[in-house]
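Worksheet: the structure to be examined is printed underneath.
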Amino acid sequence: MHIDIITVLPELIQSPFEHSILKRAQQKGLVSVNLINLRDYATNKHKNIDDYCYGGGAGMVMMIEPIANCIDDLKSKTVYDEIIYMTPDGDTLNQKMANTYSTLNNILVLCGHYKGIDERIREIYITKEISIGDYVLSGGELAAAVFCDSVIRLIPGVLNDETSALSDSFQDDLLSPPVYTRPADFKGYKVPDVLLSGHAGEIEKWRFEQAINRTKSKRPDLLKEN
Ligand code: ADE
């Protein structure tokens, strides 16, 4: 998979890709990520990428020309499966969406700032609009990092033990069961006996029951969806 990310703040989004699983995914050649500085496509001598909002009102709007020039340039080199705009009014990201996006070859992600982008960019170029939740961030960069992390970890081969992604919370509309590690007894707080029993079948059954109970009590909406 290849991901291009258009941003006015490349430094802000760089770090998540330089550590841990996302770093290893790139080292293994399973994904490549390229940050594109939108300011490189600014059309005036001041390198402006935002302007006043037509009709008045507070806040600046990201101008159409720099974004259009940037996307046109990228599209001349790459055929994208999706051109995604990170925005609080997009479809709320969930595990099913992450699964779907993890099967794509080329994704372009546009990070917004200020009051948003000129609406015509959405009409002309954007194929998907994604929100990471019902709250407003200062810009799309952190949202893009969250989106990319959720997708990249699902690419086959990225996680050492692929089943660990399959047993993630939400993967089958269930929250994950509790997990424990040593010591088996911490000041009287004990690990459930079944996990120490060595009975694979019993352990699997216990984990499934725990996942159901946890989902029922914390996120009953997930069970209702089916
Ligand atoms: N940009 C600002 N807030 C956002 C959100 N909640 N999701 C995606 N992009 C955003």
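Both counts, for ligands and for their atoms, begin at 1 and track the order of listing. Quick note: numbers below take in every heavy atom, side chains included, and nothing from hydrogens, waters or symmetry partners.
- Heavy atoms of Gly139 approach ligand 1 to within less than 4.0 angstrom.
- The Met86 neighbourhood of ligand 1 comprises atoms 8 (C), 9 (N), with distances under 4.0 Å to a heavy atom of that residue.
- For ligand 1, one of its N or O atoms has an N or O atom of Leu137 under 3.5 Å away.
- Residue contacts with ligand 1 for Ala143 involve side-chain atoms from C-beta outward but no N, CA, C or O (heavy atoms, distance under 4.0 Å).
- Around CG of Asp193, the count of heavy atoms belonging to other residues, nucleotides or ligands within 6.0 Å does not exceed 12.
- Taking 4.5 Å as the limit, some side-chain heavy atom of Ile36 sits within range of a side-chain heavy atom of Leu74.
- A salt bridge is defined here as a Lys NZ or Arg NE, NH1 or NH2 lying under 4.0 Å from an Asp or Glu carboxylate O, and Lys77 with Asp4 fails to meet this definition.
- Side-chain contact, Glu141 with Thr7: a donor N or O sits under 3.5 Å from an acceptor N or O.
- Contact atoms of ligand 1 toward Gly133: 6 (N) (distance under 4.0 Å to a heavy atom of the residue).
- Here the side chains of Phe17 and Ile3 are not in contact, with every heavy-atom distance at 4.5 Å or above.
- With ligand atoms numbered from 1 in the order given, ligand 1 contributes 8 (C) to contacts under 4.0 Å with heavy atoms of Ile130.
- At a heavy-atom cutoff of 4.0 Å, ligand 1 is contacted by no atom of Asp134, backbone or side chain.
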